[in-house]
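I have placed the structure first, in the form of structure tokens, so that the comments after it can refer back to it.
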Amino acid sequence: MASRAMELPKTFNPQEIEEPIYRWWEERGFFTPRIDWSRKPFVIAMPPPNVTGELHMGHAMFVTLEDLMIRYHRMRGDPTLWVPGTDHAGIATQVMVERELAREGLTRQQLGREKFLERVWAWKEKYGGTITRQLRRLGASCDWTRERFTMDPEHSRAVREAFVRLYERGLIYRAEYLINWCPRCGTALSDLEVEREEEEEGLLYYIRYPLVGDGWEGPAAPWGSGRWAEGARAFITVATTRPETLLGDTGVAVHPEDARYAALVGRTAVLPALGRRIPVLADPAVDRDFGTGAVKVTPGHDPIDYEIGERHGLPRINVMNPDATLNENAGPYAGMDRFRAREALVADLEREGLLERVEPHRYAPGRCQRCDTIVEPMLSLQWFVNAKPLAEEAIRVVKEGKIRILPERFEKDYFRWLENIRPWCISRQLWWGHRIPAWYCDDCGHITVAREDPTACARCGSPRIRQDEDVLDTWFSSALWPFSILGWPDDTEDLRYFYPTTVMETGYDILFFWVARMVMMGLAMTGEVPFRIVYLHGLVRDEKGEKMSKTKGNVIDPLVVIRDYGADALRFTLATGSTPGNDMRLSLQRVAGSRNFANKLWNAARFVLSQIPGPIARPSLEDPGLTLPDRWILSRYHRTVAAVTEALEGFDFGEAGRLIYEFTWDAFCDWYIEIAKEPLYRGSEADRARTRGVLVYVLDGILRLLHPYMPFITEALWGYLRRAGVTDGAEGLIVAAWPTPGPVDPAAEADMQLLIEVIRTLRNARETYRVPSAQRLAAVLAVGDKRPLFEAHRSLLVSLARLDPERLVLREAAEPVPENALIYPVGEVRIYLPLAGLVDLEAERARLARELADLEARIARTERLLTSEFAVRAPASVVEKERRKLEELKARRDQLRAEWERLGLR
RNA sequence: GGGCGAGUAGCUCAGGUGGUCAGAGCGCACGGCUCACAUCCGUGAGGUCGGGGGUUCGAGUCCCUCCUCGCCCACCA
């Protein structure tokens with residue numbers, strides 16, 4: 001028998017099939033949809049990974065989930081588009097290239113802007129293809145013909161268009177405002193790019209500011225002499241963690257209702273070191289319980305102080321240079337680094353007797369998200385988006401249900417962030433990114449903002465204009481992604497057909513960074529929501545639940561996992577091991593489990609394929625010729641199709657995957673295939689054809705259901721079916737039709753269930769009594785009115801429970817009970833096993849005692865329940881169910897008691 | 001200071017709208033090279049569903065409270 005299965009190795013080897021299959025999919029153009037205006041498309045804009053990045057588990061997760069949705073919808077026949085791309089990741093990429101330069105002893109300034117950008121582009125060329133190649137290894141069925149990069153001319157045009165439009169609407173403006181400044185990167189950052197990590201030990205400095213009056217009109221001696229504050233009678237003490245910012249103080253504030261300081265409000269303090277006269281004022285922003293209740297006000301270097309200063313008309317003084325050394329406004333400390341200046345100033349304060357005390361204090365300074373440098377709040381001239389009006393719209397569309405966020409609980413976060421949104425600083429003092437399209441006129445000072453590079457000032461016509469040196473926040477550019485990838489601002493067919501996109505699938509960690517901003521920009525630019533559904537997945541952690549990081553050395557490299565277990569195994573693990581919005585722990589043991597599942601499927605298919613040469617009957621539940629197991633597996637299969645489809649529609653990918661797993665392994669492999677061997681090996685030609693038909697039909701269906709999870713192995717196996725000529729006409733599984741739920745047969749399911757339970761009970765008894773596996777068991781089955789069922793499946797019982805066909809008695813009556821037989825009740829059926837010689841009386845006594853005790857307890861519980869209020873208050877059906885249960889329990893108890901007696905047990 | 005999530009068998013986790021929901025995989029124990037598969041097959045043991053209180057005829061499943069862990073946001077200088 002030269003069977004086809006012999007062509008397949010015994011063990012599934014992912015390495016051999018994955019890459020060729022992917023190449024075939026891509027070359028055949030299956031990833032590119034055909035626009036069909038009569039059908040609604042399914043569209044995902046892929047969150048673009050950093051162009052120079054390396055694949056990590058986060059990517060593996062999003063590829064798995066998005067590809068899952070994409071493949072499902074493609075199989076459903078929807079025109080399905082998944083647009084891939086990469087992000088230039090301004091600051092991240094620039095920092096990487098700067099690090100490379102640093103190894104050569106160079107800085108970007110030494111290189112100059114143009115040369116530096118050349119280096120970045122070279123870097124991009126070198127590493128840019130890595131990530132997209134890696135996405136392919138995972139099986140991402142995205143449309144590479146539409147691949148985009150955020151620095152492409154097309155996307156750049158979109159960025160400029162968006163900037164100009166917002167500028168024209170007055171929503172983008174340039175202003176001097178307090179921003180977060182990273183001294184290492186030399187750029188402004190948005191609030192989101194500042195992270196407050198662990199609290200650390202810091203110090204809280206209590207500093208006395210002398211007050212003018214009481215005969216003291218200011219310092220007579222120079223700063224540092226030790227007599228600077230000589231003669232001062234009154235002081236106000238403030239507490240600060242950043243003493244050096246004192247040099248920028250323009251006021252001292254207390255709470256308006258703070259009785260301790262009421263008398264001081266309105267007086268004038270003298271700023272240490274600089275001698276500046278600053279007012280003592282009252283402002284409700286002051287926390288009376290912190291420090292002394294009096295706070296130095298530094299509008300140039302602190303956000304709250306900025307607001308206090310604004311309310312009271314205080315001057316704003318910047319005391320720092322971009323590199324965080326102090327500037328000329330810092331008097332004697334000018335030129336010092338901020339932390340050196342702190343030491344020096346504190347020492348001087350002490351000398352002058354103005355340092356009251358220093359306390360340990362835990363605090364968490366803001367740090368640059370990219371380089372971890374402590375960020376300095378600083379006054380700076382930057383470009384901003386007035387996000388408030390945009391945010392209001394973004395809130396509205398979610399409230400109105402035009403966008404659904406899954407899991408829903410993230411809506412709360414989304415609303416809260418948008419409701420409290422502040423002006424978004426979008427200019428970055430970087431070189432890698434989209435240059436701000438604003439030109440300053442040297443002659444009239446006018447700012448020209450234009451879609452095309454202007455050659456002259458829009459107001460005075462002067463050709464002496466210079467473009468703004470800065471670039472835009474990367475997130476400004478990526479906020480346009482869902483429509484820029486479709487050709488916006490042009491009115492392209494893609495945009496008309498595929499926009500708004502359907503699902504935005506991404507990690508919850510960039511809900512604010514990206515998702516919220518896409519909604520704002522989408523609405524502002526296109527007047528429509530950019531997507532209908534936001535699906536947020538959790539973070540992938542290591543087996544201990546810790547965040548994977550290179551420094552911790554606990555990263556699990558997806559490519560290594562793919563090499564060792566296959567992409568399908570990794571995907572299945574990620575898809576079934578996670579619930580929306582919750583983090584998951586990835587362990588290689590689980591991946592191995594998925595790999596085993598793939599192997600199981602492989603071998604099930606080998607078996608089916610080995611039976612294929614020969615006539616095939618397409619099965620139908622209408623066909624009276626089907627056997628009970630046939631009807632059972634078809635019915636179960638149809639239920640599975642319905643349940644899986646429902647779960648997928650509800651974005652319940654884990655549940656759907658588990659359903660397929662269970663059906664495949666338990667129902668199909670462990671039961672149906674085992675049962676099928678009988679008709680296949682010993683049946684008639686008709687039996688074989690019928691059984692083959694069922695096997696092929698169900699396997700084909702399993703492959704379809706599983707394809708979104710395990711695209712490679714399913715495509716490979718389906719290819720064998722296809723070549724055997726037993727599939728529908730689809731060219732590949734990737735474009736084959738999603739199965740439709742068929743009819744079910746509850747009666748067949750119930751009968752089969754009974755047989756299965758009887759077989760399990762018999763096997764259980766064998767194990768309990770250590771019957772050698774070679775020994776065939778004698779059994780008497782009292783099956784009541786199920787006699788025809790059992791008669792018809794005699795051989796099935798014999799083979800699966802390893803019974804002795806000569807000594808298997810089937811009968812209706814429960815009595816008489818055979819001598820020296822064990823009794824096992826299974827529903828209405830009673831199993832008698834004459835195991836007299838084999839039974840260990842002690843063991844049997846123990847078993848019976850345990851079971852009886854258990855039964856008694858359950859009977860008592862149920863009886864109590866049925867005599868309680870439950871009987872009158874609960875729905876009749878529920879009560880009835882309990883009644884039946886009680887009857888069953890009692891019957892079983894009586895049998896066991898009888899057996900107890902008969903065995904002469906005490 | 002707010003907000004959110006998690007705490008269910010040894011481990012990792014599932015468990016719409018309260019009534020076979022007490023489950024799966026791994027691990028463990030025992031028995032099997034049964035002609036698709038030892039990346040396997042068969043059988044089994046293991047849980048007062050974090051603690052306490054409440055609502056209800058009935059609660060992992062709803063409410064309150066507490067504990068432990070994790071995350072997000074926030075202007076305590």
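Atoms considered below: every heavy atom in the structure, side chains included; atoms not considered: hydrogens, waters and symmetry mates.
- For A/Asp583 and B/C13, the CG to C1' distance is 14 Å, given to the nearest whole Å.
- Salt bridge annotation for A/Arg658-A/Glu655: present, with a cationic side-chain nitrogen under 4.0 angstrom from a carboxylate oxygen.
- Whole-Å rounding puts the A/Asn603 CG to B/C37 P distance at 6 Å.
- A salt bridge does not link A/Lys296 to A/Asp302: none of the charged side-chain nitrogens sits closer than 4.0 Å to a carboxylate oxygen.
- Computed from coordinates, the A/Lys10 NZ to B/A36 P distance equals 10 Å when rounded to whole Å.
- If you check every strand for non-hydrogen atoms under 4.0 Å, A/Thr245 touches nothing.
- A salt bridge is defined here as a Lys NZ or Arg NE, NH1 or NH2 lying under 4.0 Å from an Asp or Glu carboxylate O, and A/Asp568 with A/Arg571 fails to meet this definition.
- B/G46 takes the syn form, because its glycosidic angle lies no more than 90° either side of 0.
- Taking atom C1' on both B/A24 and B/G15, the two are 10 Å apart, rounded to the nearest angstrom.
- Taking a pair to require two hydrogen-bonding distances under 3.5 Å in either a Watson-Crick or a G-U wobble arrangement, B/C21 remains unpaired.
- In the set B/U43, B/U12, B/G5, the nucleotide with an atom closest to the side chain of A/Arg585 is B/U12.
- Nearest to the side chain of A/Asp670, among B/A14, B/C41, B/G5, sits B/C41.
- Comparing the same atom, C1', in B/C4 and in B/A45 gives a spacing of 38 Å after rounding to whole Å.
- Contact check, A/Lys412 against B/G3: no side-chain N or O comes under 4.0 Å of OP1 or OP2.
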*For nucleotides 72-77 of chain B, read 5' to 3', which letter fits each nucleotide if B means a protein heavy atom sits under 4.0 Å from the base, S means only the sugar-phosphate is that close, and - means neither?*
SS-BBB

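- Within 4.0 Å of A/Arg760, counting heavy atoms only, lie sugar-phosphate atoms of the nucleic acid but no base atom.
- Taking the ring centre of A/Tyr565 as origin, the terminal cationic atom of A/Arg595 falls outside the region bounded by 6.0 Å and 45° from the ring axis.
- In summary, the aromatic rings of A/Tyr205 and A/His361 are positioned with their centroids too far apart to meet the 6.0 Å limit.
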_Nucleotide-resolved protein contact map, nucleotides 19-35 of chain B, B/S/- at heavy-atom distance under 4.0 Å_ = B-----SS---B-----

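- For the C1' atoms, the distance from B/C57 to B/U12 is 37 Å, rounded to whole Å.
- With a 3.5 Å ceiling on both atom-pair distances, the Watson-Crick or G-U wobble partner of B/C40 is B/G32.
- With a 3.5 Å ceiling on both atom-pair distances, B/A45 lacks any Watson-Crick or G-U wobble partner.
- Within the 4.0 angstrom heavy-atom criterion, base atoms lie near A/Arg595.
- Residue A/Phe597 contributes atom CZ, which lies 13 Å from atom C1' of B/U39 at whole-angstrom precision.
- A/Leu8 has its CG atom 14 Å from the P atom of B/A36, to the nearest Å.
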_Candidate pair A/Leu706 and A/Ile713, rule side chain to side chain contact (heavy atoms under 4.5 Å, CB included), full reasoning_ = CA-CA 9 Å; A/Leu706 198 55; A/Ile713 187 176; 5.6 Å; no

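- Taking atom C1' in both B/C64 and B/A59, one finds a spacing of 15 Å when rounded to whole Å.
- Under the salt bridge (Lys or Arg N to Asp or Glu O under 4.0 Å) criterion, the residue pairs touching residues 673-683 of chain A are A/Glu674-A/Lys677, A/Glu678-A/Arg682, with sequence neighbours excluded.
- The closest side-chain heavy-atom distance from A/Ile756 to A/Trp671 is below 4.5 Å.
- With respect to the salt-bridge test (charged N to carboxylate O, under 4.0 angstrom), the residues A/Glu411 and A/Arg409 do not qualify.
- Here the C1' atom of nucleotide B/G42 and the CG atom of A/Leu777 are 14 Å apart, to the nearest Å.
- As a whole-Å value, the separation of A/Leu588 CG from B/U39 P is 17 Å.
- Residue A/Ile673 is classed as a base contact, given a heavy-atom separation below 4.0 Å to a base.
- Summary of the strand contacts: A/Arg409 and A/Ala604 both lie near RNA chain B, and taking for each the nucleotide with the nearest heavy atom, the more 5' one is attributed to A/Arg409.
- Atom C1' of B/C28 sits at a distance of 36 Å from the matching atom of B/C66, rounded to the whole Å.
- Taking the centre of each ring, A/Phe512 and A/Tyr414 stay at or above the 6.0 Å mark.
- Regarding contacts with the backbone of B/C37, every side-chain N or O of A/Lys600 stays at 4.0 angstrom or more from both OP1 and OP2.
- Spacing between B/U8 and B/U55 at atom C1', rounded to whole Å, works out to 23 Å.
- Annotation: B/C49 and B/U20 have their P atoms spaced 16 Å apart (nearest Å).
- An anti base is found at B/G7: its glycosidic angle is more than 90° from 0.
- Looking at heavy atoms from C-beta onward, A/Met548 lies in side-chain contact with A/Val540 at the 4.5 angstrom threshold.
- Between A/Arg288 and A/Asp258, none of the side-chain N atoms (NZ, or NE/NH1/NH2) sits under 4.0 Å from a carboxylate O, so this pair counts as no salt bridge.
- Nucleotide B/A6 forms a Watson-Crick or G-U wobble pair with B/U68, both donor-acceptor distances falling under 3.5 Å.
- Heavy atoms of A/Thr11 sit under 4.0 angstrom from at least one base atom.
- For the pair A/Asn582 CG and B/U8 P, the computed distance is 14 Å after rounding to whole Å.
- When the P atom is used for both B/C33 and B/G42, the distance is 15 Å, rounded to whole Å.
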